[in-house]
Asker: 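First the structure, then my questions, so here it is.
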Amino acid sequence: MSTEESMHKVWVGLVRLQLETIAYFGQIPGANPAIPGMFQNMFPLATTQLQQFSALPVMPVQAMTQQATRHARRVYVGGLPPTANEQSVATFFSQVMAKIGGNTAGPGDAVVNVYINHDKKFAFVEMRSVEEASNAMALDGIIFEGAPVKVRRPTDYNPSLAATLGPSQPNPNLNLGAVGLTPGSAGGLDGPDRIFVGGLPYYFTETQIRELLETFGPLRGFDLVKDRETGNSKGYAFCVYQDLAVTDIACAALNGIKMGDKTLTVRRANQGANQPKPEQENILMHAQQQIALQKLMLQPALVTATKVVCLSQAISADELKDDEDYEEIVEDMRQECSKFGTLVNVVIPRPQPDGEPAPGVGKVFLEYADVEGATKARTGLNGRKFGGNQVVAVFYPENKFAQGDYEG
C-alpha cells in the first residue's frame, strides 16, 4: 500500500472517530464540521503509527451519521392515550407528515422508529431527517386517538449542533389546516406569552374552557392538565393566543373571576406579566363585560328550575324609551317566546323618565304556566342572539318576580 493510500485510509478513520465522539459526548457549540485535509495538519503522525490507526475497526459512515444526527431527528410526544403502541404512533405521524407536506426526504414514511414509555404515556418518534423532525414540531396539540398530544424536542437536543445539521424551525408553508391545526410557531405552548389558567372548576369540560378563553380571540395552543390515572381535570390549563397582543388583556379580564365555588387565577406562566397599556383600557373594559357574560353562560344555574326565565343582554335601555318601540319589543318577545310553552306574562322593565336608574332595565322576564315550558325556553334562548346581542337565559325566583323585585 502506498503512503498516499495509507494517509487517505487514516483520514477516513479519523473522520469516523470524530463522528463517534460527537455522538457520545456532543460537540463544542459553534465548532465547525470536519474539513477535508485538516487532520494531516492536526496529527503529524509517523507512517507506522498511521498504519496502526488504520487497522482499528470503525462503524460504517452512514451509521455514524445517523447516530450523530439522532438527537435532532427525534421528537418527544407526550400525553399519549393508553391504547397507543409503537405501530399506531408510527403510522399516525407518517400519515400526518404526508398530509401537511412535511416530508422532505423523498417518498415513503417519515417515521423510522418509535419508542414508547407506556407507564408515563410518552414516546420518542425518530424521523428520517433533521428537517422532517423540525416540521413535526408544528404538530404540537394534534389530536391522536381522541386526545391532544404534546410535541417537543427531547432533552438531549443540542440546538448549537442541530443548527449545523439542518433547519431547526418548521417550514412556514406547511398545510396544517389539513390536519385541523392552526399555523403558529413551533411548540405552541412555549414562550413568554404562555398563559397559566388556574382555579378551574373540575367539572368544566375542555370545550367550555376553550369557549371561555376564546372570548378574546382564537387560540394557537391549549392544554388542560389532567390526572394521568383518571383522566380528570386537575383544575388548571395553559394557553397561547394567536394574536399575542391580547395576552395581557385576557389575563387582566379573567383573573379573579368567580366560577362556581372557585376563583380563577390567570397570568403569564413565566411570572413576568406586563400590565395592559393605557390605550388598551377600552378594549379591556369590553373584554371584562364579555367575560362576565360568558361566565354566566358556562356556570351551572344557581337557582332551582322555576316558571320564570330572566334574559340578560337581550335589549338596551335606549331601545325602551320610545313607547311605540317598547310595545313592539314586548309583542316580538311574546310571539317568539310562546314557542316554548304557554307564556303567562312578559315583563320588560323600562328606564325612569327622569333618567334615574331602574331595577332590571335591560332584562326580560318570561313567566310560563309550568316549569317544563320555562326549562325549554331557558335551553332554547341561552346563547341565542337578539339584535346582534348574545343572550344569557337563567331561571329567576318566582317569589321575587311576584313581588316585582327585578334586581336579582
Side-chain angles (χ1 to χ4, degrees), residues 75 77-79 96 99-100 135-152 169-170 172 174-226 231 233-257 259 262 264-274 276 280 283-284 286-299 383 390:
V75 296
V77 180
V96 168
K99 286 182 180 179
I100 67 173
N135 286 342
M137 293 301 295
L139 299 174
D140 183 35
I142 194 167
I143 303 299
F144 172 70
E145 295 185 359
V149 295
K150 303 173 185 178
V151 181
R152 301 284 191 272
Q169 296 296 324
L174 295 175
N175 183 18
L176 297 179
V179 293
L181 292 174
T182 302
S185 63
L189 285 173
D190 288 333
D193 296 294
R194 183 173 69 149
I195 296 176
F196 168 80
V197 185
L200 292 166
Y202 298 116
Y203 52 80
F204 266 31
T205 66
E206 290 190 35
T207 300
Q208 287 177 316
I209 298 169
R210 287 188 72 103
E211 287 178 357
L212 181 69
L213 297 171
E214 287 175 348
T215 302
F216 304 95
L219 298 175
R220 188 176 75 196
F222 172 77
D223 178 29
L224 174 62
V225 180
K226 299 179 180 179
S233 167
K234 284 192 171 184
Y236 65 95
F238 295 93
C239 73
V240 174
Y241 284 94
Q242 286 187 31
D243 181 3
L244 302 181
V246 307
T247 300
D248 292 316
I249 295 174
C251 289
L254 287 165
N255 190 51
I257 291 290
M259 288 288 184
K262 292 183 174 291
L264 292 186
T265 298
V266 184
R267 54 173 171 72
R268 285 178 180 261
N270 64 0
Q271 295 287 345
N274 298 318
Q280 295 176 325
I283 302 176
L284 175 58
H286 176 71
Q288 288 173 327
Q289 294 172 347
Q290 290 297 313
I291 205 62
L293 167 65
Q294 196 73 15
K295 178 193 68 172
L296 288 174
M297 293 178 65
L298 289 178
Q299 71 184 51
Q390 194 170 20

Asker: Rounded to the nearest 0.5 Å, what separation is found between the CZ atom of Phe196 and the OG1 atom of Thr265?
Answerer: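 Reported to 0.5 Å precision, the distance equals 6.5 Å.
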Asker: Rounded to the nearest 0.5 Å, what separation is found between the SG atom of Cys239 and the CG atom of Leu212?
Answerer: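 Cys239 SG to Leu212 CG: 9.5 Å, rounded to 0.5 Å.
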Asker: Would you check if the side chain of Tyr241 reaches a backbone N or O of Leu213 as a donor-acceptor pair within less than 3.5 Å?
Answerer: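 Yes; at least one donor-acceptor contact below 3.5 Å.
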Asker: Using side-chain heavy atoms (C-beta onward) and a distance below 4.5 Å, is Arg268 in contact with Thr247?
Answerer: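 Heavy-atom side-chain distance check passes, below 4.5 Å.
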Asker: Distance check, rounded to the nearest 0.5 Å: Arg210 atom CZ versus Phe204 atom CZ?
Answerer: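 It is 15.5 Å, given to the nearest 0.5 Å.
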Asker: Looking only at heavy atoms, what is the nearest atom pair of Leu264 and Asn255, with distance?
Answerer: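 Smallest heavy-atom distance, with atoms named: O-OD1, 3.5 Å.
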Asker: What's the shortest heavy-atom distance between Phe222 and Ala237, and which atoms?
Answerer: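 Answer, listing the atom of Phe222 first, then Ala237: CE1-CB, 4.1 Å.
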Asker: Identify the two heavy atoms, one from Pro170 and one from Met137, that lie closest to each other, and give their separation to 0.1 Å.
Answerer: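 Heavy atoms only, the tightest pair is CG-CB, 4.2 Å.
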Asker: Applying side chain to side chain contact (heavy atoms under 4.5 Å, CB included), can you list everything that pairs with Lys234, at least two apart in sequence or on another chain?
Answerer: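 Lys234 satisfies side chain to side chain contact (heavy atoms under 4.5 Å, CB included) with Val225, Asp227, Tyr236 only.
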Asker: Measure across Val240 and Arg194 and return the closest heavy-atom pair with its distance rounded to 0.1 Å.
Answerer: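 In this case the closest contact between Val240 and Arg194 is CG2-CA, 3.7 Å.
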Asker: Evaluate side chain to side chain contact (heavy atoms under 4.5 Å, CB included) for Lys226 paired with Glu206, printing each intermediate quantity in order.
Answerer: CA-CA 11 Å; Lys226 299 179 180 179; Glu206 290 190 35; 2.6 Å; yes
Asker: To the nearest 0.5 Å, tell me how far Leu176 CG sits from Asp140 CG.
Answerer: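 Spacing of CG (Leu176) from CG (Asp140) equals 11.0 Å.
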Asker: Got a second to check how far Ile209's CD1 is from Glu214's CD, nearest 0.5 Å?
Answerer: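 With rounding to 0.5 Å, CD1 (Ile209) is 11.5 Å from CD (Glu214).
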Asker: Taking all non-hydrogen atoms of both residues, which atom of Leu139 and which atom of Val96 are closest, and how far apart?
Answerer: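 It is CD2-CG1, 3.5 Å.
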Asker: Among Leu254, Ile257, Leu200, whose side-chain contact (heavy atoms from CB on, under 4.5 Å) with Val266 holds?
Answerer: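 Of the listed residues Leu254, Ile257, Leu200, the side-chain contact (heavy atoms from CB on, under 4.5 Å) partner of Val266 is Leu254.
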Asker: Return the minimal non-hydrogen interatomic distance between Tyr202 and Ser233, and the atom names on each side.
Answerer: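 Shortest heavy-atom contact: CD2-O, 3.4 Å.
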Asker: What verdict does the side chain to side chain contact (heavy atoms under 4.5 Å, CB included) test give for Asp223 and Lys150, after you've listed the backbone C-alpha separation in whole Å, the side-chain angles of each residue and the deciding distance to 0.1 Å?
Answerer: CA-CA 9 Å; Asp223 178 29; Lys150 303 173 185 178; 3.0 Å; yes
